[in-house]
Protein chains: 2
Amino acid sequence: MRSLPDASVDLVFADPPYNLQLGGDLNRPDGSHVDAVTDEWDRFDSFKAYDDFTRAWLAEAKRILKPDGALWVIGSYHNIFRVGAILQDLGFWILNDVVWRKANPMPNFKGTRFTNAHETLIWASQGEKAKYHFNYRAMKTLNDELQMRSDWVLPICGGQERLKEDGHKVHPTQKPEALLYRVLLATTERGDVVLDPFFGTGTTGAVAKRLGRQWIGCEREGLYREAALKRIEKELPLDESALATMQSRKSAPKVAFGALVENGMIQPGTEIFDKKRRWVATVRADGSLAYGKQTGSIHGLGKELQGAPSCNGWTFWHYESGGEVKPIDAARQLYLLATED
Amino acid sequence: MRSLPDASVDLVFADPPYNLQLGGDLNRPDGSHVDAVTDEWDRFDSFKAYDDFTRAWLAEAKRILKPDGALWVIGSYHNIFRVGAILQDLGFWILNDVVWRKANPMPNFKGTRFTNAHETLIWASQGEKAKYHFNYRAMKTLNDELQMRSDWVLPICGGQERLKEDGHKVHPTQKPEALLYRVLLATTERGDVVLDPFFGTGTTGAVAKRLGRQWIGCEREGLYREAALKRIEKELPLDESALATMQSRKSAPKVAFGALVENGMIQPGTEIFDKKRRWVATVRADGSLAYGKQTGSIHGLGKELQGAPSCNGWTFWHYESGGEVKPIDAARQLYLLATED
DNA sequence: AGCTTCCTTGAATCGGGTC
DNA sequence: CGACCCGATTCAAGGAAGC
């Protein structure tokens with residue numbers, strides 16, 4: 001970070017070590033062993049050592065950020081209060097704290113506390129009077145025409161998305177792409193420079209590339225760096241029309257199509273079409289659709305194209321998945337199953 | 001607080017001033033005025049002043065709490081990071097941070113940030129090795145037989161519950177009773193003493209009285225004190241049977257497996273086995289088990305055979321009764337029913 | 001092929017009493 | 001303070017295996 005010039009970066013996203021301070025081993029009720037975060041990089045001798053470390057990287061972040069840049073940090077109760085207090089002391093101005101509510105957290109196996117089911121993000125500007133960027137419309141569209149709230153329900157990173165090597169996870173704390181997707185879509189513009197000082201396996205870089213943002217990553221561990229570069233190499237940027245986000249008010253769909261897009265079930269840029277393929281529309285990053293110069297929600301655009309008094313976009317639009325044509329409602333059903341509380 | 005003796009209180013619940021630092025007036029899009037927290041008690045000149053104030057009351061709380069007592073604090077992003085860091089510095093040990101997810105938050109009228117839809121609570125014990133109380137079973141029951149998570153969805157305080165005087169709310173930040181209900185049910189026992197150093201209009205006292213807990217409140221403002229006393233006066237304690245909660249096994253009387261054998265519920269010579277019948281062991285007259293040349297207690301032998309770090313013999317071993325296969329724990333339950341006072 | 005069942009796993013500060 | 005023993009304790013998702 002020290003090598004970067006002053007005021008050169010639009011956004012810093014940081015996922016620093018949490019300083020977990022774990023004790024002995026932990027076993028599940030069935031006797032199996034829990035694979036804990038015991039890496040050297042998460043060990044600090046004291047709160048003071050952790051505070052010094054935190055103050056140092058936050059001060060650098062503040063120097064590198066443009067005057068209208070912003071900072072995101074993610075953490076758990078082990079570290080987030082210290083991080084939050086220090087960034088306030090350094091002059092950052094907190095805009096929101098955001099809670100990532102995990103759809104599928106690890107249970108508390110011993111029944112000793114509440115299930116630790118969330119992590120906390122802090123979003124802060126350079127100072128009380130500083131400007132910052134917030135794509136209000138894109139967030140509202142993504143959230144089914146309701147204001148995006150400060151609590152986000154997202155699954156943890158697993159399945160195909162989780163990087164593995166010989167069947168073992170490459171990084172113990174890989175973050176879900178959907179989280180970064182929302183952060184970058186909410187608080188950066190196309191072409192912005194995003195810095196991640198704890199790059200790990202490069203989730204920030206991968207999502208930045210996909211969304212047409214530039215990225216810089218700092219990572220000490222060579223293994224993580226290699227995995228990150230390989231991963232980002234494979235990532236394809238979305239094209240122009242998919243990246244255009246909604247600018248004007250549209251009718252309110254009943255279910256958030258945007259959630260499917262954010263979640264990756266429907267990729268931005270996907271072409272969806274009516275059953276007879278009379279119209280083929282492109283899905284955009286915020287869940288809106290584009291058909292030539294016409295744009296709108298899945299319902300609104302379907303209605304306009306048909307000249308009908310109304311349209312249920314969920315059954316009108318179809319997509320191809322595994323050589324099969326399905327209504328997008330099928331994706332919603334899958335999503336509902338996956339995220340039901 | 002200074003007048004209270006050392007180690008005299010079981011739980012502290014604190015809802016301190018949030019140090020909101022609101023700038024000018026806030027108006028809704030329709031021009032109406034938002035009734036914000038601008039009271040004198042919420043004004044602090046600097047972070048330092050707020051930190052000093054926080055350190056002072058937290059240190060008193062630590063002194064007054066019993067060694068196995070616990071602390072709850074609620075706050076927003078304006079103050080919670082400072083409070084959390086300071087309580088860690090004072091030696092409190094964070095057990096969970098809990099997110100109160102508001103079902104009906106105030107929208108962000110200007111569309112400049114995410115809707116501020118949650119507040120954060122911290123639950124902490126007296127120290128890393130300190131004991132604390134957690135009614136795991138009661139929480140699990142309350143949550144439909146799933147572990148209670150660290151994110152709680154509760155409506156804000158309104159309607160009949162909101163205290164009003166001449167149509168104006170008596171206190172600007174009255175907390176919902178459901179929140180205190182869950183806090184007290186989770187971390188106190190009947191008869192425990194609960195202290196609220198920022199009593200306000202007495203939500204803590206009202207719920208404590210209802211749940212059969214004793215309460216102490218500190219409140220500077222006479223108006224709030226009056227409203228609180230009047231409110232708590234009207235509150236009726238729940239009766240004995242309504243207060244009963246699901247108890248954990250820990251608090252049930254212990255039964256030795258030998259007692260079941262002695263009692264004749266499990267005959268010596270009975271063959272018991274794991275669910276998949278990989279191992280079949282014989283019950284001996286003293287309540288120990290034999291498997292070939294290996295012998296041991298229900299727990300010890302189960303542990304050895306599986307090569308597991310530990311084993312609950314009550315659920316691991318099964319027996320046949322009336323053509324049905326049951327865990328031996330079923331016999332213990334019968335025994336407990338038969339020997340109850 | 002499609003459905004069911006089983007197994008694995010995830011940023012976790014994860015016992016208590018007696019000798 | 002350590003050793004030892006008793007015995008309490010898990011949810012959702014994904015992938016593999018079986019039917």
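Each chain gets a letter, A, B and so on, in the order its sequence line appears, and its residues count up from 1.
Rounded to whole Å, the P atom of D:dG7 lies 30 Å from the corresponding atom of C:dA12.
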Can you tabulate the close N/O pairs, meaning under 3.5 Å, that link protein atoms to atoms of nucleotides 16-19 of chain D?
none

Between protein and nucleic acid, restricted to nucleotides 17-19 of chain C and to nitrogen or oxygen atoms under 3.5 Å apart, what atom pairs and distances do you find?
unit_1	atom_1	unit_2	atom_2	d
C:dG17	OP2	B:K131	NZ	3.3

Where do N or O atoms of nucleotides 9-11 of chain C meet protein N or O atoms at under 3.5 Å, pair by pair?
unit_1	atom_1	unit_2	atom_2	d
C:dG10	OP2	A:K169	NZ	2.8
C:dG10	O5'	A:K169	NZ	3.1
C:dG10	N7	A:R28	NH2	2.6
C:dG10	O6	A:R28	NE	3.0
C:dG10	N2	A:P105	O	3.1
C:dA11	OP2	A:R162	NH1	2.8
C:dA11	OP2	A:R162	NH2	3.3
C:dA11	OP2	A:P172	O	3.1
C:dA11	N7	A:K175	NZ	3.2
C:dA11	N6	A:P16	O	3.1
C:dA11	N1	A:Y18	N	3.1

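Counting only distance, with no hydrogens or angles, the side chain of A:D42 and the backbone of A:Y18 share a donor-acceptor pair below 3.5 Å.
The side-chain hydrogen bond (donor to acceptor under 3.5 Å, both in side chains) search around A:W123 returns none, not counting sequence neighbours. Every residue meeting the salt bridge (Lys or Arg N to Asp or Glu O under 4.0 Å) condition with A:K102, not counting sequence neighbours, appears here in chain and number order: A:E119. Residues meeting the salt bridge (Lys or Arg N to Asp or Glu O under 4.0 Å) test with B:D151, sequence neighbours left out: A:R101, B:R149. For B:E320, the salt bridge (Lys or Arg N to Asp or Glu O under 4.0 Å) partners two or more places apart in sequence, or in a different chain, are B:R277. B:E189 meets the salt bridge (Lys or Arg N to Asp or Glu O under 4.0 Å) test with no other residue; sequence neighbours excluded. Listed by chain and residue number, nothing satisfies the side-chain hydrogen bond (donor to acceptor under 3.5 Å, both in side chains) test with A:D166 (two or more places apart in sequence, or in another chain).
In this structure, the nucleotide among D:dC11, D:dG15, C:dT13 sitting nearest to the side chain of A:Q160 is D:dG15. Comparing C:dT13, D:dC11, D:dG7 by their closest approach to the side chain of A:Y77 singles out C:dT13. Side chain of A:A36, nearest nucleotide from C:dC14, C:dT13, C:dA12: C:dA12. Considering only the side chain of A:R113, C:dT13 comes nearest among D:dT10, C:dA12, C:dT13.
Here D:dA8 presents its P atom at 13 Å from NZ of A:K110, a figure rounded to the nearest Å. Regarding A:N116, its CG atom lies at a distance of 14 Å from the C1' atom of D:dC11, rounded to whole Å.
In this structure, A:V12 and A:W72 have side chains that are not in contact, with every pair of non-hydrogen atoms separated by 4.5 Å or more.
When the side-chain nitrogen and oxygen atoms of B:H299 are compared with OP1 and OP2 of D:dG7, one or more of them lie within a distance under 4.0 Å. Side-chain N/O atoms of A:T115 include none lying less than 4.0 angstrom from OP1 or OP2 on D:dC11. Contact check, B:Y136 against D:dT10: a side-chain N or O comes under 4.0 Å of OP1 or OP2.
Comparing B:K276 and A:G23, the nucleotide of DNA chain C nearest to each residue sits closer to the 5' end for B:K276.
A cation-pi arrangement is not found for A:R225 relative to A:F199, the charged atom failing to lie both closer than 6.0 Å to the ring centre and inside a 45° cone about the ring normal.
Donor-acceptor pairing under 3.5 Å, judged by distance alone, is absent between the side chain of A:S76 and the base of C:dA12.
Helical stems in DNA chain D, defined as runs of 3 or more consecutive Watson-Crick or G-U wobble pairs with donor-acceptor distances under 3.5 Å: C:2-10 with D:11-19, C:15-19 with D:2-6.
The nearest pair of heavy atoms linking A:F13 to A:P197 is O-CD, 3.3 Å.
The residue B:K129 sits apart from the nucleic acid: no heavy atom pair falls under 4.0 Å. Here A:G159 lies in heavy-atom contact (under 4.0 Å) with sugar-phosphate atoms only.
To the nearest 0.5 Å, atoms CG (A:D51) and OG (A:S46) are separated by 8.0 Å.
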What side-chain donor-acceptor pairs closer than 3.5 Å can you find for residues 34-41 of chain A, not counting sequence neighbours?
unit_1	atom_1	unit_2	atom_2	d
A:W41	NE1	A:Y224	OH	3.2

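Environment of CG in B:D286: crowded, with over 12 heavy atoms of neighbouring residues, nucleotides or ligands closer than 6.0 Å.
Among residue pairs with one or both ends in residues 295-305 of chain B, those qualifying as side-chain hydrogen bond (donor to acceptor under 3.5 Å, both in side chains) are B:Q294-B:E304; sequence neighbours excluded.
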